[in-house]
Structures are given as C-alpha cells and as structure tokens.
Amino acid sequence: MKYIYTTTGTCSKVISFDIKNNIITNIEFTGGCPGNLLAISKLVNGMTVEEIETKLKDIKCGFKDTSCANELAKAVREAYDKNRPMY
C-alpha cells in the first residue's frame, strides 16, 4: 500500500513509500537535499518499521527539532499503526 506523509519542520515537504505488513520500500522524498535523501531511501529500503525507527528516530538537523530522517521514522510508524489489523 502506498502511504503519503506530509513532513513538519524540514526542507522536504512530503515522504511517500510502500508499506506491506511491516516492510517499507520505494521511499521517495519531495524537496530537501536530493543526494542525502536518496542515500537514506536506499539504505533503509526493505527494512521493518522498527529497524528504521532504531536507526533514524530523534536525529536532528542543525538547530531544528527534527530532520528528514526523523520525519521518515515518524511516517513509517504512523503508516504501520494506521494500517495494522486490529484483533
């Protein structure tokens, strides 16, 4: 399933990715630093939500309270929580 997340406080404005079960693929950032964001996308492609959170959560960019990496960690958690089956 394709998920689109609008970022807050970063140069990138939108993050889109596919989520199937707990696996994240096809990550794309709109805006931001193209080289760094392409690298992040390739490095975490195929990881679980938990793996991405462990690596990227709470990373800051300069004096900002967040970063594109941190926003990705928040986005994948939100997508997983909104779409997991409730029993």
Side-chain angles (χ1 to χ4, degrees):
M1 177 190 84
K2 182 64 107 186
Y3 194 81
I4 298 171
Y5 179 84
T6 302
T7 62
T8 303
T10 60
C11 298
S12 67
K13 299 300 176 200
V14 174
I15 306 169
S16 63
F17 53 88
D18 292 325
I19 180 169
K20 185 174 181 183
N21 300 321
N22 193 25
I23 305 296
I24 306 300
T25 58
N26 302 317
I27 304 156
E28 295 181 6
F29 288 83
T30 302
C33 305
N36 290 332
L37 297 177
L38 182 58
I40 289 170
S41 299
K42 288 185 176 207
L43 289 169
V44 301
N45 190 59
M47 288 185 176
T48 66
V49 169
E50 292 81 9
E51 289 171 325
I52 292 172
E53 285 179 317
T54 298
K55 292 182 181 306
L56 303 180
K57 187 177 175 190
D58 296 326
I59 292 176
K60 309 258 187 280
C61 182
F63 296 106
K64 297 177 183 179
D65 290 332
T66 191
S67 67
C68 294
N70 185 56
E71 291 295 300
L72 176 59
K74 293 185 334 189
V76 299
R77 172 51 63 190
E78 179 179 289
Y80 179 75
D81 287 348
K82 283 185 175 181
N83 295 292
R84 78 176 156 193
M86 297 300 207
Y87 297 100

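Note that this is a predicted model, so its numbers are computed, not measured.
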task: Tell me, with the steps shown, if Lys57 and Glu71 meet salt bridge (Lys or Arg N to Asp or Glu O under 4.0 Å).
output: CA-CA 8 Å; Lys57 187 177 175 190; Glu71 291 295 300; over 6 Å; no
task: Before giving the answer on side-chain contact (heavy atoms from CB on, under 4.5 Å), spell out for Val44 and Ile24 the whole-Å C-alpha distance, their side-chain angles and the decisive distance to 0.1 Å.
output: CA-CA 8 Å; Val44 301; Ile24 306 300; over 6 Å; no
- prompt: Do Glu78 and Lys82 pass the salt bridge (Lys or Arg N to Asp or Glu O under 4.0 Å) test, and can you show the C-alpha distance, the side-chain angles, and the key distance before you say yes or no?
  reply: CA-CA 6 Å; Glu78 179 179 289; Lys82 283 185 175 181; 3.7 Å; yes
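Counted within 6.0 Å of NZ on Lys55, heavy atoms from surrounding residues, nucleotides or ligands total 12 or fewer; the atom is thus considered open. Other residues, nucleotides and ligands place more than 12 heavy atoms under 6.0 Å from the NZ atom of Lys2. Counting heavy-atom neighbours within 6.0 Å of Asn22 CG, excluding the residue itself, gives a total above 12.
Within the model, atoms CD of Glu51 and CD1 of Ile23 stand 7.0 Å from one another, a figure rounded to the nearest 0.5 Å. A distance of 11.0 Å separates CD1 in Ile40 from CD1 in Ile52, rounded to the nearest 0.5 Å. If you take OG1 on Thr54 and CG on Leu56, they are separated by 9.0 Å, rounding to the nearest 0.5 Å. The distance from atom CG of Leu43 to atom CG of Leu38, rounded to the nearest 0.5 Å, is 9.5 Å. The CD atom of Glu28 sits 8.5 Å away from atom CG of Asp18, with the distance rounded to the nearest 0.5 Å. Rounded to the nearest 0.5 angstrom, Asn45 CG and Ile27 CD1 are separated by 5.5 Å.
Ser12 has its side chain within reach of Leu37: a pair of non-hydrogen atoms, C-beta onward, lies under 4.5 Å apart. Between Val14 and Ile4, some side-chain heavy-atom pair lies under the 4.5 Å cut-off. Side-chain contact check for Thr66 versus Thr8: every heavy-atom pair is 4.5 Å or farther apart. Using a 4.5 Å heavy-atom cutoff, the side chains of Arg77 and Glu50 are in contact. Taking the side chain as every heavy atom from C-beta outward, Phe29 and Leu72 approach each other to under 4.5 Å.
A side-chain donor-acceptor contact under 3.5 Å links Ser67 to the backbone of Ile59.
Each of Asn21, Val49, Thr48 was compared with Tyr80 under the side chain to side chain contact (heavy atoms under 4.5 Å, CB included) criterion, and only Val49 meets it.
The two residues Asn83 and Met1 have their closest heavy-atom pair at ND2-CE, 2.9 Å.
Looking at residues two or more places apart in sequence or on another chain, you find a ring pair (Phe, Tyr, Trp, His ring centres under 6.0 Å) between Phe17 and Tyr3.
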